[in-house]
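Sequence positions, counted from 1, serve as the residue numbers for this chain. Order of appearance sets the numbers: ligands from 1, and atoms from 1 within every ligand. Please read these numbers as outputs of a predicted model, since none were measured by experiment.
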Amino acid sequence: MPSQILKSLTLAVSLLAVPFSLYAKNNVVVVATGGTIAGAGASSTNSATYTAAKVPVNALLDAVPQIQNLANVTGVQALQIASESITDKELLSLARQVNDLLKKPDVNGVVITHGTDTLEETAFFLNLVIHSDKPIVVVGSMRPSTALSADGPLNLYSAVALAADESARGKGTLVMMNDDIFAARDVTKGINIHTNAFVSQWGALGTLVEGKPYWFRQSVKRHNKSSEFNIEDIKGDALPSVQIVYGSGNMLPDAYLAYAKAGVKAIVNAGTGNGSVAGYLVPTLNQLQQQGVQIIRSSRVPQGFVLRNAEQPDDKYGWVVAHDFNPQKAKLLAALALTKGKDAKEIQRIFWEY
Ligand code: ASP
């Protein structure tokens, strides 16, 4: 064939390929873990009384056929559990599954359907240990699938739209709830009875309307590809043990001592105000710190952040402050930091950077 004809043919084929690529849909995998989004109640008026983790992933996807217009969506049933029952074992196994999926060249994004109780923990963990720029979107619902005005279907539709959208790449693990797009690091469940359950004191990153994300800010903290933690480096099915002690007036030292005796590697103090430790507890915490149990000062106050060396001399005591991380997020970050070492200064650096 003369080369001129061959050139024209090649040009025609590539011109045809352009519109095709414009319309080719991304491939999104929905990884289901249970929770209320997969919950079922006895009647449609049961919005709060129901059993979580009942509906299988295929039924969840079939209930929202519109998602197939957004992406080629397939489902994987990773767990079928209420999220309050998730332990390190399930968390690590889920992270490994998500990591494996995202490494596949034909997977463009992942949605994780999850119970809302510990959704913020799983999202934050994925934000820290998955080295991928592809969108990772965690979603749940406050009403079970069988309820009147169930919020799961639209949340799922929005989550798939977000995971399929190129603009979501590299923005860190995202939480999609009630039309809002949040950063995993600072989102938290702020109310346990309404559909606008998730909040961040720093605001949402964006909002999603009719399948289209609109962005307004971006996290400046390390996440995913820029994280020093990697699920591929973590062996076994447990993280270093970290527990939380809740601060209040008139405390006993017993909870701290019992956790230390049980072998925890760090205790997060969900302290009053600026993460404060009562004067009469300071000797106990210092004794534990000298025995090698790291003391992380977080706060029971949902907003603001713990200031280092302000009311309490953290440098002198060798304590760590959790910065703006709430106690449950501080617990996970401390556990990951402890996979690398137990130097309090190094753990503090990690708390500033993530
Ligand atoms: N307890 C449920 C869970 O976290 C609550 C929910 O999903 O909203 O699995």
Colleague: Is the Phe351 ring parallel, tilted or perpendicular to the Phe325 ring (thresholds 30°, 60°)?
Modeller: perpendicular
Colleague: What's the shortest distance from atom 4 (O) of ligand 1 to any protein heavy atom, and which residue and atom give it?
Modeller: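 The answer is Ser83 OG, 2.5 Å.
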Colleague: Kindly indicate whether a cation-pi arrangement holds for Lys212 with Tyr214, taking the cut-offs as under 6.0 Å to the six-membered ring centre and within 45° of the axis.
Modeller: yes
Colleague: Counting each atom of ligand 1 from 1 as listed, which ones have a heavy atom of Ser141 under 4.0 Å away?
Modeller: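 Result: 8 (O).
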Colleague: For Asp186, is there an ion pair with Lys329 - N to carboxylate O distance below 4.0 angstrom?
Modeller: no
Colleague: Report yes or no: do Asn274 and Ser276 form a side-chain donor-acceptor pair below 3.5 Å?
Modeller: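 Side-chain D/A pair, Asn274 to Ser276: absent.
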Colleague: Report yes or no: do Asn26 and Glu166 form a side-chain donor-acceptor pair below 3.5 Å?
Modeller: yes
Colleague: Counting from 1, what ligand 1 atoms have a heavy atom of Ala82 closer than 4.0 Å?
Modeller: 9 (O)
Colleague: Please list the nearest protein heavy atom to atom 6 (C) of ligand 1 with its residue and the distance rounded to 0.1 Å.
Modeller: Thr36 OG1, 2.7 Å
Colleague: Go through ligand 1 atom by atom and flag the ones less than 4.0 Å from a non-hydrogen atom of Glu84.
Modeller: 1 (N), 2 (C), 3 (C), 4 (O), 9 (O)
Colleague: I'd like to check which ligand 1 atoms, numbered from 1 as shown, lie under 4.0 Å from a non-hydrogen atom of Gly35.
Modeller: 7 (O), 9 (O)
Colleague: How far is atom 8 (O) of ligand 1 from its nearest protein heavy atom, and which residue and atom is that?
Modeller: Thr116 OG1, 2.4 Å
Colleague: May I ask you to say whether Glu232 pairs ionically with Lys103, meaning some side-chain N is under 4.0 Å from a carboxylate O?
Modeller: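 Counted as a salt bridge, because a side-chain N and a carboxylate O are separated by less than 4.0 Å.
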Colleague: Please report whether ligand 1 has a polar contact with His114, defined as an N or O pair separated by less than 3.5 Å (distance criterion only).
Modeller: no
